[in-house]
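This is a predicted model, so every value here is computed, not measured.
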Amino acid sequence: MRTLRLLNLHCNKIIDTSKPDETFLTVEGIRFQGFGPESMNNENEWNINADILFNEQAIIRLYDENLEHKPNFKDHLKSHIVEESYVREGLKTVNFSSNSADYILSYEIV
C-alpha cells in the first residue's frame, strides 16, 4: 500500500477571467475521495495537502465548473493514473488542460 500526497493545484490560465472556475478533484484509490470546490482564476494556487491510500494505482480526475452553468454541470478536463512504482521519485506534476483552462497538479508518492 502506498500514499498519494496531493500537494497543490496551480491555475496557469482560464480563458474567461470575468468569473472564476469552481474546481474539483476526485481520487479513486482504496476508496473514492473528492476535494473542492475551490474558486480559481489565473495564477491562483490551491494548497490541497491531502494523503490518499492506494494499491497499485490511483486515478486522479480534475473537473471545473464555470459559474455560468447549472450547479451540477462539471467539465471533466482529464484523468491521470498514478502508479505505485512512482514511490520515492520525488515531486511530480501533471498538466490538466483544455481549450478554456490550464492547471498543474503537484503530488508525490510516499
Side-chain angles (χ1 to χ4, degrees):
M1 187 171 334
R2 298 290 182 208
T3 301
L4 165 61
R5 181 165 291 151
L6 296 177
L7 300 172
N8 61 56
L9 183 69
H10 178 81
C11 177
N12 284 327
K13 183 179 179 182
I14 62 172
I15 300 301
D16 185 357
T17 58
S18 66
K19 51 195 161 300
D21 281 350
E22 293 297 313
T23 307
F24 301 82
L25 277 171
T26 63
V27 180
E28 292 177 49
I30 292 178
R31 63 186 179 99
F32 179 87
Q33 292 182 272
F35 303 90
E38 182 73 16
S39 292
M40 299 196 74
N41 214 328
N42 291 340
E43 300 304 321
N44 285 160
E45 194 87 18
W46 175 13
N47 293 313
I48 304 164
N49 296 321
D51 289 346
I52 297 102
L53 296 175
F54 73 99
N55 289 318
E56 295 180 32
Q57 290 184 338
I59 301 171
I60 304 168
R61 290 186 174 88
L62 178 71
Y63 302 84
D64 74 351
E65 176 181 79
N66 297 326
L67 295 178
E68 67 198 39
H69 297 297
K70 296 177 184 175
N72 64 354
F73 181 85
K74 294 178 186 67
D75 296 324
H76 177 240
L77 280 151
K78 184 179 174 183
S79 298
H80 177 71
I81 298 175
V82 174
E83 301 284 341
E84 180 178 50
S85 62
Y86 298 169
V87 70
R88 294 185 197 91
E89 289 185 7
L91 180 70
K92 292 202 167 284
T93 59
V94 61
N95 185 268
F96 293 95
S97 60
S98 69
N99 292 337
S100 62
D102 183 58
Y103 299 93
I104 296 177
L105 176 69
S106 300
Y107 70 91
E108 61 185 350
I109 308 299
V110 293

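- Distance check: Phe96 CZ to Ile60 CD1 gives 5.5 Å after rounding to the nearest 0.5 Å.
- A 6.0 Å sphere centred on CD of Glu45 holds more than 12 heavy atoms belonging to other residues, nucleotides or ligands.
- Only one option out of Leu105, Asn8, Thr23, Leu6 pairs with Trp46 in a side-chain contact (heavy atoms from CB on, under 4.5 Å); it is Thr23.
- Cluster annotation: Leu62 and Ile48 are assigned to the same hydrophobic cluster (Ile/Leu/Val/Met/Phe/Trp/Tyr, side-chain heavy-atom contacts under 4.5 Å, transitive).
- Of all heavy-atom pairs spanning Ser97 and Asp102, the tightest one is CB-OD1, 3.0 Å.
- For the pair Phe54 and Leu4, the tightest heavy-atom approach, listed with the atom from each and the gap, is CE2-N, 3.7 Å.
- Atom CZ of Arg2 is separated from atom CZ of Arg88 by 5.5 Å, given to the nearest 0.5 angstrom.
- When the options Asn49, Ile109, Asp51, Leu91 are evaluated for a side-chain contact (heavy atoms from CB on, under 4.5 Å) with Arg5, the one that passes is Asp51.
- Atom NE2 of His10 is separated from atom CG of Asn42 by 8.5 Å, given to the nearest 0.5 angstrom.
- Minimum interatomic distance between Ser39 and Asn44 (heavy atoms only, all atoms of both residues): O-OD1, 4.2 Å.
- Heavy-atom neighbours of Lys92 NZ from other residues, nucleotides or ligands within 6.0 Å: above the threshold of 12.
- Tyr86 is connected to Val94 through a chain of hydrophobic side-chain contacts under 4.5 Å among Ile, Leu, Val, Met, Phe, Trp and Tyr, so both are in one cluster.
- When all heavy atoms are compared, the tightest approach of Cys11 to Ile14 is SG-CG2, 3.7 Å.
- Summarising the geometry, atom CD1 belonging to Ile59 is positioned 11.0 Å from atom NE2 belonging to His80; distances are rounded to the nearest 0.5 Å.
- In this structure, NZ in Lys13 is found 12.5 Å from CG in Asn41, a value given to the nearest 0.5 Å.
- Taken to the nearest 0.5 Å, the CG atom of Leu9 stands 12.0 Å off from the CZ atom of Phe35.
- Although no hydrogens or angles enter the test, the distance criterion places a donor-acceptor pair under 3.5 Å between the side chain of Lys78 and the main chain of Asn95.
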